[in-house]
Chemist: 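One structure is given below, represented as structure tokens, and several questions about it will come after.
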Number of protein chains: 2
Amino acid sequence: MRTDQRIVLAMAELMRRQGYAATGINQLASAAGAPTGSLYHHFKGGKREIAAAALRQTGAAYIQLLPLLLDPYDDLATGIEAAFAAAATDMRNTGWANMCPIGTVTGEVADTEPLLRAVAAEVMTAWVDEGSRYFADRGLSESDARSVTFAVLTALEGAFLLARGLRSDEPFLAAGRTVAMYVASLPASPPTPGSVVPGSRGA
Amino acid sequence: MRTDQRIVLAMAELMRRQGYAATGINQLASAAGAPTGSLYHHFKGGKREIAAAALRQTGAAYIQLLPLLLDPYDDLATGIEAAFAAAATDMRNTGWANMCPIGTVTGEVADTEPLLRAVAAEVMTAWVDEGSRYFADRGLSESDARSVTFAVLTALEGAFLLARGLRSDEPFLAAGRTVAMYVASLPASPPTPGSVVPGSRGA
DNA sequence: GTCTATAAGAGGATAGAC
DNA sequence: GTCTATCCTCTTATAGAC
């Protein structure tokens, strides 16, 4: 793998475990298998620029999980509950390490690192846009699709946090059940081929 | 106010804005209006011990908001949605500074600071216990009460995170609506004086 | 109990040889 | 493009005067 890719990957991994401030350049260099000089050769902006790249890359990868996890389920609510359960299992198996550096870092730097806050906002906005598009394609109205996207994202990030603190998967299960219940209560069932759902958009 | 109280308060304030790692002893000392020596006089464990005290104190204060915010509403679902909206307004008015140091810090230190992770778990456990008791008193079954507590806490912490990154109150509104919908779907209506709700506990 | 001065080390970043 | 050595700042923590 290319050196700059190794650096970004190592940064993402370290940030999701210990955040931005606690991650040192030397620790990062040794984790990436590169001397400190290489870091500044590839990223003239130093630690901050590496963190920005790591957030962007992880954020983009992260949202791709949505269709991957939900497509297999005909019923959206069922799929969402299953996805939360899967996330819980993943976290348990990795010793309750967070899966999402954006979540770990945003709270930490929102007031002190304008660049990283902006990158986080950019990533989250993309999440909301892509999530809304996906749920709209699954038959929800545009406004419901956006609402569900926020519901999923907030519940997921909150569940990461509580699960990480409590070392329990109970937050995931409760959060998943809650969002699933909400989705199930919405009008417009999943689109069956040939049917036209009023209020839904394109496909 | 006593010096040690000022120190703990300043620590809580700094942690919720910038987390644990980024908060330095000198910054803390000047924020608390005390020289560094005083910090170590009152807290022999240094920064870590001060952080632990701040988390405990804030956590205890935090959960007291639950009855304060929900008691005025006869309908639990309506109250929850209103509470989320109130939190959104509060955050907007404070320039999207986080209201909850436990949330900001837990993600950051869960893998690296065993003591603080344990304190976070202790605080969160108290949240769950007190929340469950409150919702049970409001007429939910014990298992539903616990589930709703987790739903509220995860949605709230997640909404803090996304609202902080996006600088928007949309996450709060969507999260509040979701949890309210879930609560409204549960059996057992709010207890009216004199009625006995099966499965509910004490009073 | 309060405050000053300082120790000992780690932090991010850079220069320049290779 | 890789790596080493180093600069300077800032960190936590302590010692000891008041």
Side-chain angles (χ1 to χ4, degrees), chain A residues 1-55 57 101 104-105 108-119, chain B residues 1-55 101 104-105 108-109 111-119:
Chain A
M1 197 188 302
R2 270 170 45 200
T3 302
D4 57 341
Q5 289 178 334
R6 284 206 319 275
I7 294 170
V8 169
L9 203 70
M11 186 57 151
E13 178 63 24
L14 286 170
M15 281 201 300
R16 78 178 189 179
R17 298 195 104 101
Q18 34 175 337
Y20 174 74
T23 297
I25 283 286
N26 288 325
Q27 184 186 20
L28 173 60
S30 84
T36 63
S38 279
L39 269 56
Y40 289 91
H41 173 77
H42 292 284
F43 302 91
K44 294 168 194 174
K47 178 179 172 177
R48 203 186 328 254
E49 188 185 329
I50 300 173
L55 289 180
Q57 178 167 314
T104 310
V105 169
E108 197 189 349
V109 302
D111 285 342
T112 51
E113 289 281 346
L115 170 68
L116 297 181
R117 209 278 314 171
V119 172
Chain B
M1 194 188 303
R2 269 169 45 199
T3 302
D4 57 340
Q5 289 177 332
R6 285 206 320 275
I7 294 170
V8 169
L9 204 70
M11 186 56 150
E13 177 63 23
L14 287 170
M15 280 201 300
R16 78 177 189 180
R17 296 195 105 100
Q18 33 175 321
Y20 174 74
T23 298
I25 284 285
N26 289 324
Q27 184 186 20
L28 172 61
S30 84
T36 62
S38 279
L39 270 56
Y40 289 91
H41 173 77
H42 292 285
F43 302 91
K44 295 170 195 174
K47 178 179 172 178
R48 205 188 326 258
E49 188 185 330
I50 299 172
L55 290 179
T104 310
V105 170
E108 198 189 347
V109 302
D111 284 343
T112 51
E113 289 281 346
L115 170 67
L116 297 181
R117 210 278 315 172
V119 172

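Below, chain A is the first sequence line, B the second, and so on; all start at residue 1. Any value given below was found using the heavy atoms of this structure, including those in side chains, with hydrogens, waters and symmetry copies removed.
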Chemist: Output yes when a side-chain donor or acceptor of B:K47 lies under 3.5 Å from a complementary backbone atom of B:Y20, and no otherwise.
Modeler: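 Yes, because the side chain of B:K47 sits within donor-acceptor range (under 3.5 Å) of the backbone of B:Y20.
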Chemist: In this structure, are over 12 heavy atoms from other groups packed under 6.0 Å from A:R6 atom CZ?
Modeler: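 It does: A:R6 CZ has more than 12 such atoms within range.
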Chemist: Could you tell me which non-hydrogen atom of A:A51 sits nearest to which non-hydrogen atom of A:L116, and how far apart they are?
Modeler: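 In terms of heavy atoms, the two residues are closest at CB-CD2, 4.0 Å.
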Chemist: Quick one: how far along DNA chain D does chain B reach, first to last nucleotide 5' to 3', anything under 4.0 Å to a heavy atom?
Modeler: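 Endpoints of the contacted stretch of DNA chain D: D:dT11 to D:dT14.
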Chemist: With rounding to the nearest 0.5 angstrom, report the CZ to CD distance, A:R17 to B:E108.
Modeler: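 Output value for this atom pair is 15.5 Å.
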Chemist: Within the distance-only criterion (no hydrogens, no angle test), does the side chain of B:S38 pair as donor or acceptor with the backbone N or O of B:A34 below 3.5 angstrom?
Modeler: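 Looks like no, no N/O pair under 3.5 Å.
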Chemist: Which distance, rounded to the nearest 0.5 Å, do you find between the CD1 of B:I25 and the CD1 of B:I50?
Modeler: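 Rounded to the nearest 0.5 Å, the CD1-CD1 separation comes out at 5.0 Å.
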Chemist: Between B:K44 and B:E49, does at least one N-O distance fall below 4.0 Å, as a salt bridge requires?
Modeler: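 Salt bridge between B:K44 and B:E49, a charged N being under 4.0 Å from a carboxylate O: no.
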Chemist: Return the residues of residues 22-41 of chain B meeting this criterion: a heavy atom under 4.0 Å from some atom of DNA chain C. Order them by number, or give none.
Modeler: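 By residue number: B:P35, B:T36, B:G37, B:S38, B:H41.
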